[in-house]
Amino acid sequence: MNTLSSLPSVDRLLHHPLAGPLIDDHGHRAVTQSARDVLSALRHTTAGSGPLPDTDEILQRMAASLRKKARPTLTRVLNLTGTILHTNLGRAALPPEAMEAISRIAAGASNLEYDLATGLRGDRDDHVESVLTELTGAEAATVVNNNAAAVLLTLNTLAQGKEVPVSRGELVEIGGSFRIPEIMEKSGCTLIEIGATNRTHLADYEKAINVRTGLLMKVHTSNYEIQGFTASVQDQDIATLAREKDLPFVTDLGSGTLLDLSRWGLPHEPTAGEAITAGASIVTFSGDKLLGGPQAGIIIGERTLIEAIKSNPLKRALRVDKMTMAALFEVLKLYRNPDTLDTALPTLRMLSRSLDDIVETAGTLLPPFVTALQGKAVVSIIETQCQIGSGSLPLDLLPSRALCVEPVTTRKRDTTLRGIAAAFRRLPVPVIGRIHDGRLLFDLRTLDDPSVLTGQLGELVLP
Ligand SMILES: *Cc1c(COP(=O)(O)O)cnc(C)c1O
C-alpha cells in the first residue's frame, strides 16, 4: 500500500528494535527529532509518487542523519596547499607542550586572574608578560584576541578623536576584511595619508603633525612589497621625530617574530625586539603567524601606554581566554632556547625543513599515489615553491616538492581534476591540495607525518 497514511508513527519508530541502539548513542530527544525529520521529509518529497520506504529503511535514514549531525564540522585536515601559514586552514600548528597546557588548564579552575601569593585578584596578562618583555626588551606587554584587535585597541586608546598620519605605501589590506584605513576609522581616529604610494619622506611626517595629531604609525607591509623608485622613512627617524613632538610611535609588525630567522637560513623578518630597539613606543603583532603560536594579538611597549591600553573598556571585549594564555606561554617558553626551536616549534620546523628531507618524503609517497590513482591519473614529483603565507615574507619562497596529479583523459580534464581534488577532500582526514595550470598539486613541505596520508589512500573514492 503506497499511501502516506501507511507511514509508521514516531512512537512506533521509537519502539522498533533498531531504535534502541540509536537512543543509546544519541539520546531519546535527538532520535525523536530525527524520526520527525525523516517522516516529514518523506511526506513532502514522495507525496503520491513512487514506493514508500519500509520501517527498516526509515530507521536507516534516521541513523545516517544522526551520525551526520554528531560529527563536528570543524575537523582536522592535511594542508598540502603550498602555503605554510594558511589563514583559511587555521594558520600555525601548535607544539605538544602548548596542547598539553590547554587540556590541563581547560579541565578545571585555574589562577587565571588570581594571585596565589596574596589571595587577591590577579591579572591574566601576568602569565605571559615577563617572558614577552624578556624576549623583546619591552617594558610591558598585554595580549588580545588577534592582531586586528591589537591595532584597534591601541589606536582607540591612544588616538581616538585625533589624527594619525600613515604613509600611503602602508595602507594595507590583509585578507579582505582587515584594511588599515577601515580599522582606523572604527577605532575613532582620523587617517591622514602622507607621501606617495612609492615614496614617503620624513618631511611628510613633519608637515602632517599638528595639535590634533594623536600618534605616528608605521605599518609593516607584510603581504606585498613596493619595488623600484621607492623611499620609506627608517623607524629610527620616525621615532626621533615622535619623541621631539611628544607623540607615541606605534609599529604594526603584522607577522612579527621574536628571533632573527636568518639564523635558520630563512630571510630576515623584522623582530619585535628590533622594532622596540628602533624606538617604537608600542609594537603589535600576531600570535599565530610566524611566531607559531595560538591566535592572539600581542601588544608590547612602554609601561604607561600599556597601562592605558589595559584600562580601556574595549580590552575586556577583546581579551583572550585561559586556553590561549596557557598555549601562548608554552610557545614563548620555547623561544627562550633558540638552539632547539627549529625542532620544537612546528612552524619553524616546516619553514626550515631541508629540501633533502622533502625529496625523501616525495619518494616514499610516489608509489602508493601511483597505485591509488591507477587508470585515472598520472602522478609525478615536481619542483615547487612554498609561500610562507599570512602576509609573512611575501616575496620569499621556499623550495619544495609536490606530487603532481594529471588526469589521463583528454576530455573534460578540468572536471576530472576537480573531481579528484574533491575525492581527496572527502577522505577521513581531508587532504587539501591546489590546482595550478591544469594539474593537481600536493605540496609536501608541510607534511610532517606521511603515514597519515598513506594510511587512508585505500579509502579514496575517485569520480
Ligand atoms: C596579519 C596582519 C594584521 C592582522 O592580524 P590578525 O592576527 O590576522 O588579526 C594586521 N596588520 C598586519 C600588518 C598584518 O600583517
Side-chain angles (χ1 to χ4, degrees), residues 83-94 128 132 141-156 158-159 164 166-187 189 191 197 200 215-226 232 235 238 249-258 261 267-272 274-275 278 280 282-301 309 314-315 317-321 324-325 327-328 331-332 347 387-396:
T83 299
I84 297 170
L85 293 165
H86 198 301
T87 299
N88 303 148
L89 302 182
R91 292 194 186 161
L94 293 180
V128 292
L132 274 170
T142 182
V143 179
V144 288
N145 180 54
N146 55 21
N147 189 39
V151 174
L152 177 75
L153 182 62
T154 300
L155 291 173
N156 179 262
L158 306 178
V164 177
V166 181
S167 164
R168 287 198 168 85
E170 297 171 7
L171 297 174
V172 297
E173 170 179 308
I174 292 118
S177 52
F178 179 90
R179 288 175 167 172
I180 289 291
E182 286 165 14
I183 209 100
M184 291 185 90
E185 192 189 321
K186 285 289 176 202
S187 72
C189 63
L191 164 67
T197 303
T200 299
L215 52 84
L216 299 186
M217 183 172 184
K218 174 113 183 166
V219 182
H220 187 63
T221 55
S222 50
N223 56 358
Y224 71 103
E225 202 167 280
I226 299 174
S232 62
D235 285 17
I238 306 177
F249 170 37
V250 172
T251 301
D252 174 23
L253 269 188
S255 189
T257 181
L258 297 172
L261 299 179
H268 179 80
E269 169 85 5
T271 69
E274 284 165 5
I282 291 287
V283 180
T284 61
F285 54 103
S286 288
D288 56 350
K289 292 186 182 173
L290 277 181
L291 186 71
Q295 178 187 306
I298 299 170
I299 311 175
I300 57 168
I309 287 167
L314 257 188
K315 166 70 169 32
L318 302 174
R319 70 185 186 187
V320 296
D321 74 337
T324 300
M325 279 299 183
L328 184 58
V331 169
L332 293 170
T347 298
Q387 279 183 319
I388 294 171
S390 289
S392 315
L393 306 164
L395 304 183
D396 297 297

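When a ligand or atom number is given, it counts from 1 through the structure's own listing order.
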Please name all residues satisfying side-chain hydrogen bond (donor to acceptor under 3.5 Å, both in side chains) with S167, sequence neighbours left out, ordered by chain then number.
T200
Any atom of ligand 1 sitting under 4.0 Å from a heavy atom of V151?
no
H220: numbered ligand 1 atoms lying under 4.0 Å from its heavy atoms
13 (C)
Does any N or O atom in D288 lie less than 3.5 angstrom from one in ligand 1, N or O only?
no
Quick note on ligand 1: atoms under 4.0 Å from a heavy atom of S286 include exactly 5 (O), 6 (P), 7 (O)
If we number the atoms of ligand 1 from 1 as shown, the ones under 4.0 Å from a heavy atom of A148 are 4 (C), 5 (O), 6 (P), 9 (O)
Passing candidate, side-chain contact (heavy atoms from CB on, under 4.5 Å) with L155, options V250, I180, L215:
L215
To the nearest 0.5 angstrom, please state how far the CE atom of M184 sits from the CG atom of N156.
12.0 Å
Sequence neighbours excluded, the answer for side-chain contact (heavy atoms from CB on, under 4.5 Å) partners of A296 is V143, T324
Option whose closest heavy atom lies nearest to atom 2 (C) of ligand 1, chosen from K218, K289, R91
K289
Checking the side chain of T271 only, and the main-chain atoms of E274 only, is there a donor and an acceptor separated by less than 3.5 Å?
yes
